[in-house]
Amino acid sequence: MASETDIETVAVDLRRRLAGQLQEDGWLRSPAWRAAVEATPRHLFVPRFYRESNTPGVTTWEPVTPETAGQEEWLRLVYTDETWMTQFDSRDIDWADPKPISNAAPTSSSTLPSLVVRMLEDLDVQDGMNILEIGTGTGYSTALMCHRLGSERVASIETDDGVARRAREALTTAGYTPRLLVGDGRAGHPDGAPYDRLIATCGFRNIPPAWLNQVQPGGVILTTLRGWMRSLGLVKLIVTGDSASGWFSEDDPSFMIARQQDAPESLGMIPAPDDGTTRKATYGPEVLSSSGPAFMAQLAAPDARSFSMAVDGGPASTFVLDSVTDSFAVLAPTDDGWQVRQGGPRRLWEAVESAVGTWEEYGSPSTAAFGVTVSRGEQVVWLGNPNGPQWPLPS
Ligand SMILES: C[S@@+](CC[C@H](N)C(=O)[O-])C[C@H]1O[C@@H](n2cnc3c(N)ncnc32)[C@H](O)[C@@H]1O
């Protein structure tokens, strides 16, 4: 086993290469953030992690530690532009005897460095600004901010005790002392307010109202929004007193959903074969899987989830179930397209078809044509401009 000094010598070189690659790829745009990447020892924050293995069929993750992979390979992997998983199903890993993991949901990770630095660049920070991070995770992104602004300017909230404890240890070892809090980031941290910038590295179904009170006018909130079917993408809001407004980015990066907002375990009642009313569908279930239409479907049916299942030995039908209002839509193939059977208080497929129709009328734009306005009373996603077509975010 090489000494800490040997590891650091190799790591310095690997960090320089990672920073060079991130700059070449256009993610790192400023010398100050490049210096932070070159200085921050990611290997202290991901001393052990899981990576997806190439097992066909079921998604499986395998442990990577200096022992399992060899020190050189472990260190090389740490400094690649990859997301490394560090927790599943909110349970800590038994690192004394780590086993491959499958049928589990990642609940903490060190995010893809290119996404981390791209978000940090998007934040437009200046020296002397106060920043609040939601989702400390391993503490790597917190460390980058501490390097850039000074530990006293950084506060970070993590919901999971064990994750927060390990992040604190790693940050301390790296020489950083930000204010670290354990709790639900939706409440922010009023004692440290006002903040100039708020950045969230887990996804939310809406913008937590407390954030508006804690970010000062002119300040920025940068977060991903997501639903139970898919991510809506990254939104950058400028706070103006009691409200905030801003645009989605061109692509739709995705973060794991805030733990308190995860979908209910039960998908809801599967409707009986004669429940609901049937009509010919304008769009089939393909809208749920092609990028632009799926974004619209998520907006139109914010509490829904979908799955496909063969009914009575026949062809597969697609079920869209909203367990919040007990509404459903079932899409079944016909000789010349699809029929939809709907029931419950929300006509789910009506809402999806109308949203996809609007998107097509507007020329099938990317997510960059959409924005969000948040005020005390409501939160809406709009298309084109704040007075354009609108879809409310779930409250
Ligand atoms: C993708 S990881 C964060 C990555 C981290 N920034 C890094 O660079 O390592 C998301 C983290 O958000 C945390 N989280 C989930 N819901 C949260 C909440 N409501 N408040 C604060 N943290 C939350 C998770 O426990 C997880 O550690």
Side-chain angles (χ1 to χ4, degrees), residues 18 22 27 33 36-37 40-50 61 78-93 104-120 122-123 131-148 154-171 174 176 178-190 192 197-211 214 221-226 231 234 253-263:
L18 175 63
L22 296 176
W27 304 118
W33 285 119
V37 172
T40 304
R42 195 181 188 210
H43 66 277
L44 293 184
F45 298 91
V46 278
R48 302 170 289 244
F49 56 88
Y50 271 78
W61 288 273
V78 164
Y79 288 101
T80 52
D81 187 22
E82 296 283 350
T83 297
W84 298 129
M85 301 303 169
T86 48
Q87 194 197 51
F88 298 86
D89 292 341
S90 307
R91 280 198 293 271
D92 286 348
I93 288 159
T107 44
S108 195
S109 64
S110 175
T111 305
L112 194 70
S114 52
L115 178 54
V116 172
V117 299
R118 167 245 178 118
M119 286 175 69
L120 293 173
D122 282 355
L123 267 184
I131 195 161
L132 176 64
E133 179 188 37
I134 312 295
T136 316
T138 63
Y140 176 66
S141 48
T142 324
L144 292 172
M145 293 179 225
C146 290
H147 184 276
R148 170 70 183 83
V154 181
S156 183
I157 309 178
E158 167 59 51
T159 195
D160 183 293
D161 278 334
V163 170
R165 182 173 36 77
R166 287 186 288 279
R168 179 183 298 278
E169 285 165 9
L171 282 158
Y176 297 120
R179 194 179 310 187
L180 295 175
L181 305 134
V182 182
D184 181 351
R186 288 180 299 175
H189 176 57
R197 301 288 184 262
L198 186 152
I199 176 171
T201 55
C202 50
F204 288 87
R205 299 184 73 210
N206 49 28
I207 303 295
W211 295 359
Q214 295 175 33
I221 295 174
L222 186 67
T223 185
T224 51
L225 286 169
R226 62 168 304 133
S231 174
L234 182 64
S254 166
F255 277 97
M256 49 189 68
I257 195 161
R259 292 202 195 179
Q260 297 78 0
Q261 295 188 329
D262 210 353

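All heavy atoms count here, side chains included; hydrogens, waters and symmetry mates do not. One-based numbering, in listed order, for ligands and for the atoms of each. None of these values were measured; they are calculated from a predicted model.
- Within the 3.5 Å criterion, the main-chain N or O of Phe49 finds no donor-acceptor partner in the side chain of Thr86.
- Scanning for side chain to side chain contact (heavy atoms under 4.5 Å, CB included) contacts around Pro178 gives Thr142, Cys146, Ser151, Val154, Leu171, Tyr176, Leu180, with sequence neighbours left out.
- Trp33 meets the ring-ring contact (aromatic ring centres under 6.0 Å, His included) test with no other residue; sequence neighbours excluded.
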Could you give the N/O to N/O pairs under 3.5 Å linking ligand 1 and the protein, each with its distance?
{"unit_1": "ligand 1", "atom_1": "6 (N)", "unit_2": "Gly135", "atom_2": "O", "d": "3.1"}
{"unit_1": "ligand 1", "atom_1": "6 (N)", "unit_2": "Ser141", "atom_2": "OG", "d": "2.7"}
{"unit_1": "ligand 1", "atom_1": "6 (N)", "unit_2": "Thr201", "atom_2": "OG1", "d": "3.0"}
{"unit_1": "ligand 1", "atom_1": "8 (O)", "unit_2": "Ser141", "atom_2": "N", "d": "3.3"}
{"unit_1": "ligand 1", "atom_1": "8 (O)", "unit_2": "Ser141", "atom_2": "OG", "d": "3.0"}
{"unit_1": "ligand 1", "atom_1": "9 (O)", "unit_2": "Ser109", "atom_2": "O", "d": "3.2"}
{"unit_1": "ligand 1", "atom_1": "9 (O)", "unit_2": "Thr138", "atom_2": "N", "d": "3.2"}
{"unit_1": "ligand 1", "atom_1": "9 (O)", "unit_2": "Thr138", "atom_2": "OG1", "d": "2.6"}
{"unit_1": "ligand 1", "atom_1": "16 (N)", "unit_2": "Arg259", "atom_2": "N", "d": "3.1"}
{"unit_1": "ligand 1", "atom_1": "19 (N)", "unit_2": "Asp184", "atom_2": "OD1", "d": "3.0"}
{"unit_1": "ligand 1", "atom_1": "19 (N)", "unit_2": "Gln260", "atom_2": "OE1", "d": "2.7"}
{"unit_1": "ligand 1", "atom_1": "20 (N)", "unit_2": "Gly185", "atom_2": "N", "d": "2.8"}
{"unit_1": "ligand 1", "atom_1": "22 (N)", "unit_2": "Thr159", "atom_2": "N", "d": "3.3"}
{"unit_1": "ligand 1", "atom_1": "25 (O)", "unit_2": "Glu158", "atom_2": "OE2", "d": "2.6"}
{"unit_1": "ligand 1", "atom_1": "25 (O)", "unit_2": "Arg259", "atom_2": "NE", "d": "3.4"}
{"unit_1": "ligand 1", "atom_1": "25 (O)", "unit_2": "Arg259", "atom_2": "NH2", "d": "2.9"}
{"unit_1": "ligand 1", "atom_1": "27 (O)", "unit_2": "Ser108", "atom_2": "OG", "d": "2.7"}
{"unit_1": "ligand 1", "atom_1": "27 (O)", "unit_2": "Glu158", "atom_2": "OE1", "d": "2.8"}
{"unit_1": "ligand 1", "atom_1": "27 (O)", "unit_2": "Glu158", "atom_2": "OE2", "d": "3.4"}

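- Between the side chains of Ser108 and Gln87, no donor-acceptor pair of N or O atoms lies under 3.5 Å.
- What you find for Arg118 and Leu234 is that their closest heavy atoms are NE-CD2, 3.8 Å.
- The salt bridge (Lys or Arg N to Asp or Glu O under 4.0 Å) check on Asp81 picks up nothing, with sequence neighbours excluded.
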